[in-house]
Amino acid sequence: MELDFIKEMFDSIAPRYDFLNRLLSLRQDVYWRRTMISALDLPDNATVLDVACGTGDVLIEILNQTGNQKLVVGADFAPEMLKQAKIKLLRENFSPDIQLIAGNALYLPFAPDTFDAVTIAFGIRNIMDRKSALSNFFNCLKSGGKLAVLELATPGSKFFLSLYLFYFSRILPLIGAFFSKHMKAYDYLPASVINFPPPDKFAAIMKQAEFTKIKWRRLTMGIATVHIGHKE
Ligand SMILES: C[S@@+](CC[C@H](N)C(=O)[O-])C[C@H]1O[C@@H](n2cnc3c(N)ncnc32)[C@H](O)[C@@H]1O
């Protein structure tokens with residue numbers, strides 16, 4: 001039920017998703033993905049899985065930064081988001097070898113020890129059973145592999161927090177509803193961010209899923225956070 005709502009929501013906003021991301025984040029989303037991929041420090045010829053790949057921006061960032069990965073796979077459960085990803089990858093002349101897979105983060109169809117890195121950007125917040133999702137990512141990583149999680153967060157500073165919450169809860173849903181024509185999607189966004197655990201609590205869930213050497217970095221005054229964890 002919860003998953004059906006999320007899937008339907010992303011399917012219906014898919015054509016406007018990129019435009020709204022850039023507008024509502026004032027293009028910070030591009031910088032955040034870039035920071036997440038450079039923090040991974042991918043080896044040459046790495047195999048990388050991007051979960052909840054949406055319209056493919058993380059896949060494109062991986063290829064732009066490294067250019068020579070052996071295997072890059074994007075997985076998402078919303079077919080319309082994957083359709084946008086396919087269109088974009090073809091338009092930007094990326095290799096047709098990039099695999100896009102319709103799949104749920106909770107039931108990934110990959111053998112253990114497949115990937116050097118797993119990434120997820122703005123996806124884990126939508127998955128209630130985060131520990132199971134993180135354990136799935138852990139399983140399909142090779143030993144020595146890394147996980148990167150990029151997620152929206154609420155800023156630490158009290159002054160900035162009140163400004164941010166005003167924008168996020170009052171202005172953003174109006175702009176989102178106007179352009180996406182989806183009345184609930186951009187109401188859901190602030191609620192899901194506010195309810196997401198703070199960085200230390202999320203790191204504790206990563207630890208429960210067996211990740212080690214967990215580090216995080218706050219970006220843009222704490223509006224987003226990147227977590228990196230290792231599989232020993
Ligand atoms: C906010 S978008 C992020 C898309 C992309 N990663 C980006 O950086 O823009 C969240 C994506 O997560 C996907 N998603 C949410 N829950 C999922 C799940 N359980 N399994 C697979 N995909 C999921 C949605 O379909 C959507 O495409």
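Both ligands and their constituent atoms are indexed starting at 1 by order of listing.
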Closest heavy-atom pair and its distance - Lys231, Asp113
NZ-OD1, 3.4 Å
Please determine whether the number of non-hydrogen atoms from other residues, nucleotides or ligands lying under 6.0 Å from atom CZ of Arg22 exceeds 12.
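Counting other residues, nucleotides and ligands, CZ of Arg22 exceeds 12 neighbours.
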Tyr31, OH: over 12 other non-hydrogen atoms inside 6.0 angstrom
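It does: Tyr31 OH has more than 12 such atoms within range.
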Which of the ligand 1 atoms, numbered from 1, are nearer than 4.0 Å to a heavy atom of Cys53:
5 (C), 6 (N)
Face-on cation placement of Arg170 at Phe166 ring, 6.0 Å and 45° thresholds
no
Give the contacting part of Ala75 toward ligand 1: side chain, backbone, both or neither, where contact means a heavy-atom distance below 4.0 Å.
neither
Checking a contact table here: which protein heavy atom is nearest [atom], and how many Å away?
| atom | value |
| --- | --- |
| atom 10 (C) of ligand 1 | Phe122 O, 3.4 Å |
| atom 20 (N) of ligand 1 | Ala105 N, 2.8 Å |
| atom 17 (C) of ligand 1 | Phe77 CZ, 3.4 Å |
| atom 6 (N) of ligand 1 | Ala52 O, 2.7 Å |
| atom 19 (N) of ligand 1 | Asn104 OD1, 3.0 Å |
| atom 3 (C) of ligand 1 | Tyr17 OH, 3.1 Å |

With a 4.0 Å cut-off on heavy atoms, is [X] touching ligand 1?
| X | value |
| --- | --- |
| Asp76 | yes |
| Gly103 | yes |
| Asp57 | no |
| Arg33 | yes |

Using the rule side-chain contact (heavy atoms from CB on, under 4.5 Å), only one of Ile62, Asp116, Thr47 pairs with Leu42; which is it?
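The single option meeting the side-chain contact (heavy atoms from CB on, under 4.5 Å) with Leu42 is Ile62.
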Between Asp76 and Lys83, does any NZ, NE, NH1 or NH2 come within less than 4.0 Å of an OD or OE carboxylate oxygen?
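No, Lys83 and Asp76 are not salt-bridged.
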Between Arg33 and Asp29 (salt bridge meaning N to carboxylate O under 4.0 Å), is one present in this structure?
yes
Between Thr220 and Gln28, do the side chains contain a donor N or O and an acceptor N or O under 3.5 Å apart?
yes
Using 30° and 60° as the class boundaries, would you call the ring planes of Phe138 and Phe211 parallel, tilted or perpendicular?
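Aromatic pair Phe138/Phe211 classed perpendicular.
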Could you tell me whether some N/O pair between Ala121 and ligand 1 is separated by less than 3.5 angstrom?
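Yes, at least one N or O pair falls under 3.5 Å.
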